[in-house]
Amino acid sequence: MNHLFKISILLIVVLVSFSSCGDEPDGKWDKMKWNNVDNLAKVNNIYVIPEEGGTFTFECKNYKPWLSDVIINTEHQDIYSSGSRKDYKNDWFEVKITDKKVMFTFDEIEESMTGRTVEVVVTAGDIFDTFVFQQQKLQ
């Protein structure tokens, strides 16, 4: 009887472990839903940054995101050296995440440049979303 009792307890523990897992399988989470607070223009899935720059806020309605990747002009950036997955800054671009808000700040494009592109990937665990920004100097 003692042996049967131990097997029953083990079986219950295994069943509870499996039943406590989420109902959503990996990769089947709802997409991130965004509020484009500043109504930044979007053309062909790319947000258009004015040449004078500015700060633009997006609010995630269903997750609290953090940074996954930052790619500037096709070069991956080291976003983990600061020790935070909530902000990244270089000499002309910054992204800062507070709770559900993601703020992107761009400096004015330099006179010598024609354009630059920033791709920011955010995550909330098993869900990802990508923001692509392009800033060009008007001729």
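In this structure, Ile109 is not a member of the same hydrophobic cluster as Phe106, with clusters built from ILVMFWY side-chain heavy atoms closer than 4.5 Å. Val118 and Phe128 sit in two unconnected hydrophobic clusters of ILVMFWY residues. Membership requires side-chain heavy atoms under 4.5 Å apart, directly or through other members. Tyr80 and Ile71 fall into different hydrophobic clusters, defined by Ile, Leu, Val, Met, Phe, Trp and Tyr side-chain heavy atoms under 4.5 Å apart, directly or through other members. Cluster annotation: Ile72 is connected to Phe56 through the hydrophobic network of ILVMFWY side chains, with a link wherever side-chain heavy atoms come within less than 4.5 Å.
A side chain to side chain donor-acceptor pair (under 3.5 Å) check over residues 56-75, counting only residues at least two apart or in different chains, returns the pairs Lys64-Asp99. Listed by first then second residue, pairs satisfying side chain to side chain donor-acceptor pair (under 3.5 Å) with a partner in residues 33-43 read Trp34-Asp129, not counting sequence neighbours.
Taking the six-membered ring wherever Trp is involved, the centroid distance between the rings of Phe58 and Tyr47 falls below 6.0 Å.
Under the 4.0 Å criterion applied to side-chain N and carboxylate O atoms, Lys137 and Glu111 are assigned as salt-bridge partners.
Residue-environment remark: NZ (Lys96) stays at or below the threshold of 12 foreign heavy atoms within 6.0 Å. Enclosure of atom NZ in Lys86 by more than 12 non-hydrogen atoms of other residues, nucleotides or ligands within 6.0 angstrom is indicated.
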task = Evaluate the criterion side-chain contact (heavy atoms from CB on, under 4.5 Å) for residue pair Phe133 and Leu40; output intermediate values, then yes/no.
result = CA-CA 10 Å; Phe133 301 96; Leu40 187 60; 3.9 Å; yes
request  = Go through the steps for Ile97 and Leu67 under the test side-chain contact (heavy atoms from CB on, under 4.5 Å), then give the verdict.
outcome  = CA-CA 8 Å; Ile97 301 174; Leu67 292 173; 4.0 Å; yes
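Counting heavy atoms from C-beta outward, Phe93 and Val120 have side chains that approach closer than 4.5 Å.
Remark: the backbone N or O of Thr117 is not paired with any side-chain donor or acceptor of Gln135 at under 3.5 angstrom.
Trp29 and Ala124 make their closest contact through CZ3-O, 3.2 Å (heavy atoms, listed as atom of the first residue, atom of the second, distance). Residue Thr123 comes nearest to Met32 through the heavy atom pair C-CE, 3.6 Å, listed as atom of the first residue, atom of the second, then distance.
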